[in-house]
Amino acid sequence: MLRLLRVTVSGLTLALMVLPAARAQQPQEWDQVKARFIANNPVLKADADNVDEMKAEEITAYLRPNPQFTLSVDGNQAAPHNGVWTPFKGTTEQPNFSYLHEREHKRELRLESAQEGTRITQSQHEDLERNMIFDLRVAFVATLQAKFVLDLAKADLDYYDKIIDISRNRFNAGDLAQIDLDRIELQRVQYESEIETAVVNLRTAKIQLLQLINDRTPVDQFDVTGPFDFSDSLKPLDDYRQAALAARPDLLAALQTVQQSVTNHKLAVSNGSADPTFSGWFTNNSSTNNPDGPETIGASVSIPLRIFDKNQGEKKRTLIDIDRSQQASEAARAQVFSDVDTAFELVRSNIALLKPYKEKYNDQALRVRDTVTFAYQHGGASLMDFLNAQSDYRQVQLAYAQLLGSYQTAMGQLNLAVGSDTLP
């Protein structure tokens, strides 16, 4: 809504309508971001149209042959004969209807093959969604990591500013040399640089997220939230393998392709069968041996003679395609195991690296920094010891943040390998 702003100038009160400041959105959690991604991502929506197109082709595959109608006119006198010219006296009209009857369940097999093609396309669409959700999770984790690093950098700068204030008081009291104060103040540039780098990284990650969910919200008004931590609990590797075999859409598409290949071979065999054409006609003013039958009906059946079978190549091709599809499904199964094992090892390795940080290194780095800082303030440590302790603390914290990001990305990769986004 608009706000009314009153300004007094030389005793006159002016009323101005001004726009309120843009409000930032509520930080969005992972489930909200994923839901918006599935609903709005243009690449995903365009690929979903492929499924609808395949569904429409099922209608075409099940169409019946249209009957044929032919109208023949014959018996017109072409030229005068013996002085007689009656061109239309012997004219006969013959409407003819014919219909091609498809044998050996050709229509049913075409429909079955088209339906299997739709299911394959649906599985491929789900596989694209699986891969793109992993990209979304990577961007989401990068945003959480950038926020975490930015908070660390701001906290470090606030802590260091307090050290600078204390150092200036010591300098004013004559307890600190000018050169030492200058070195301490110059070190602040590094903290400022780290904050600017963290801001750029955060904005870049948000921009990538906004692109994936197809959102035009300004970066400053968009934010996400979620736990940036790790869990050291992992199920046995075989549990993830079995879950992947049941859930991976690319493996399902490979298995569905095998079934479609079998159906296509049946269709090729069916297409090799001869289809009869039934015809029927009615003749008016016919020239027959029956003088009392000026109107007659007739019927015929036309059956192709399969002297040369022109479908043998297609039968062989579809038979070979069955074997090719089976080999591709075995390769897809092997890829599933490889993906799960690789992602599992990445998660396990990150957990092994993170546990000592959480149990020991983080507290040790904080304790060393505070102890050396206290000692330096009371003359028990050198300036170099103080600066090194500050640097070591920042390095430990940044390493911990990077490991947390690697862990959450690895968990996303394990989700990708399993084919389900239900893992934490």
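Within a 6.0 Å radius of NZ in K55, no more than 12 heavy atoms belonging to other residues, nucleotides or ligands are found. Atom CD1 of I297 has 12 or fewer heavy atoms from other residues, nucleotides or ligands within 6.0 Å. No more than 12 heavy-atom neighbours from other residues, nucleotides or ligands sit within 6.0 angstrom of CZ on F374. Within 6.0 Å of the CD atom in E29, the count of heavy atoms belonging to other residues, nucleotides or ligands does not exceed 12. In this structure, F337 places its CZ atom where more than 12 heavy-atom neighbours from other residues, nucleotides or ligands lie under 6.0 Å away.
What you find for T409 and V141 is that their closest heavy atoms are OG1-CG1, 3.8 Å. Pairing each heavy atom of Y357 with each of A399, the nearest pair is OH-CB, 3.6 Å. Of all the heavy atoms in T143 and L209, the pair that sits closest is OG1-CD1, 3.4 Å.
Side-chain atoms of Y240 come within 3.5 Å of backbone N or O of K235 as a donor-acceptor pair. In terms of modelled atom types and a separation under 3.5 Å, the side chain of K106 and the main chain of S270 share a donor-acceptor contact. Using modelled atom types, no side-chain atom of Q397 and backbone atom of L152 make a donor-acceptor pair closer than 3.5 Å. In this structure, S273 contributes its side chain and V269 its backbone to no donor-acceptor pair below 3.5 Å. Formation of a donor-acceptor pair under 3.5 Å by the D321 side chain with backbone atoms of R317 is not found in this model. Looking only at distances, no side-chain donor or acceptor of R369 sits under 3.5 Å from a matching main-chain atom of A389. Judged by distance alone, the side chain of Q413 and the main-chain N or O of A343 form no donor-acceptor pair under 3.5 Å. Proximity of a side-chain donor or acceptor of D323 to a complementary backbone N or O of L319 within less than 3.5 Å is not detected. Although no hydrogens or angles enter the test, the distance criterion places a donor-acceptor pair under 3.5 Å between the side chain of R248 and the main chain of A417. Panel note: side chain R203, backbone V219; no donor-acceptor pair is recorded below 3.5 Å.
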For a salt bridge (charged side-chain N to carboxylate O under 4.0 Å, His left out) check, start with the C-alpha distance between D363 and K358, then their side-chain angles and the critical distance, and finish with the verdict. CA-CA 8 Å; D363 292 338; K358 192 168 187 178; over 6 Å; no

Between V347 and L234, is a side-chain contact (heavy atoms from CB on, under 4.5 Å) present by the stated rule, with each step listed? CA-CA 9 Å; V347 174; L234 268 180; 3.9 Å; yes

Using the rule given for side-chain contact (heavy atoms from CB on, under 4.5 Å), can you reason through V224 versus K206, listing the C-alpha separation, both sets of side-chain angles and the distance that settles it, and then say yes or no? CA-CA 9 Å; V224 298; K206 286 184 178 181; over 6 Å; no

List the steps, then state whether side chain to side chain donor-acceptor pair (under 3.5 Å) holds for D370 with Y159. CA-CA 10 Å; D370 292 344; Y159 181 87; 3.2 Å; yes

May I have the step-by-step check of side-chain contact (heavy atoms from CB on, under 4.5 Å) for F344 and D339, ending in yes or no? CA-CA 8 Å; F344 183 86; D339 291 346; over 6 Å; no

From CA spacing to verdict: side chain to side chain donor-acceptor pair (under 3.5 Å), T318, N264: CA-CA 6 Å; T318 53; N264 288 341; over 6 Å; no

Could you give me the CA-CA distance, side-chain angles and deciding distance for T225 and Q28, then say whether side chain to side chain donor-acceptor pair (under 3.5 Å) is met? CA-CA 6 Å; T225 184; Q28 299 182 34; over 6 Å; no

Pair K355-F230, side-chain contact (heavy atoms from CB on, under 4.5 Å): steps then yes or no: CA-CA 9 Å; K355 288 175 68 175; F230 77 100; 4.0 Å; yes

Report the C-alpha distance between Q190 and Q187 in whole Å, list the side-chain angles of each, state the deciding distance to 0.1 Å, and finish with yes or no for side chain to side chain donor-acceptor pair (under 3.5 Å). CA-CA 6 Å; Q190 184 174 347; Q187 194 71 19; 2.9 Å; yes

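Under the 4.5 Å side-chain criterion, counting only non-hydrogen atoms from C-beta, R119 is in contact with Q115. For the pair T204/Q208, no side-chain contact is recorded, criterion being any heavy-atom separation below 4.5 Å from C-beta on. With contacts defined as side-chain heavy-atom distances shorter than 4.5 Å, the pair V301/T277 does not qualify. Contact of the P276 side chain with the R103 side chain is registered, since non-hydrogen atoms from C-beta on lie closer than 4.5 Å.
Side-chain contact, Q326 with E330: no donor N or O sits under 3.5 Å from an acceptor N or O. Defined by atom type and a distance below 3.5 Å, a donor-acceptor pair is present between the side-chain atoms of S261 and S325.
Taking CG from L157 and CD1 from I164, the interatomic distance works out to 7.5 Å, rounded to the nearest 0.5 Å. One distance of note links CG of D135 with CG of L416; it measures 8.5 Å at 0.5 Å rounding. Taken to the nearest 0.5 Å, the CG atom of L353 stands 9.0 Å off from the CZ atom of R348. Rounding to the nearest 0.5 Å places CD of Q390 at 6.0 Å from CD1 of I163. Remark: N96 CG to L71 CG distance equals 9.5 Å, nearest 0.5 Å. To the nearest 0.5 Å, the span separating CG on L128 from CD1 on I133 amounts to 9.5 Å.
The side-chain contact (heavy atoms from CB on, under 4.5 Å) test applied to A142 returns A205, not counting sequence neighbours. Listed by chain and residue number, nothing satisfies the side chain to side chain donor-acceptor pair (under 3.5 Å) test with S329 (two or more places apart in sequence, or in another chain). Taking the side chain to side chain donor-acceptor pair (under 3.5 Å) definition, one finds that Q256 meets it with S123, sequence neighbours left out. Residues passing the side-chain contact (heavy atoms from CB on, under 4.5 Å) test with D385, sequence neighbours excluded: V372, A381, S382. By the side chain to side chain donor-acceptor pair (under 3.5 Å) test, E192 pairs with R188, sequence neighbours left out.
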Could you tabulate the donor-acceptor pairs under 3.5 Å formed by side-chain atoms of residues 39-54, not counting sequence neighbours?
{"residue": "N40", "atom": "ND2", "partner": "R36", "partner atom": "O", "Å": "3.2"}
{"residue": "N41", "atom": "OD1", "partner": "V43", "partner atom": "N", "Å": "3.1"}
{"residue": "N41", "atom": "OD1", "partner": "L44", "partner atom": "N", "Å": "3.0"}
{"residue": "N41", "atom": "ND2", "partner": "L212", "partner atom": "O", "Å": "2.7"}
{"residue": "D47", "atom": "OD1", "partner": "N50", "partner atom": "ND2", "Å": "3.3"}
{"residue": "D47", "atom": "OD2", "partner": "H125", "partner atom": "ND1", "Å": "2.8"}

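Electrostatic pairing of R130 and D127 counts as a salt bridge here, judged by a charged N lying under 4.0 Å from a carboxylate O. Of the charged side-chain nitrogens involved, at least one lies within less than 4.0 Å of a carboxylate oxygen, so that R110 and E102 count as a salt-bridged pair. Salt bridge present: K147 and D223 bring a charged side-chain N and a carboxylate O closer than 4.0 Å. Using a cutoff of 4.0 Å between basic side-chain nitrogens and carboxylate oxygens, R241 and D341 are scored as salt-bridged.
Using cut-offs of 30° and 60° for the angle between ring planes, the F386 and Y160 rings count as parallel.
The six-membered or imidazole ring of F97 lies near that of F69, with a centre-to-centre distance under 6.0 Å.
A cation-pi arrangement, defined by a distance under 6.0 Å to the six-membered ring centre and an angle within 45 degrees of its axis, is present between R394 and Y191.
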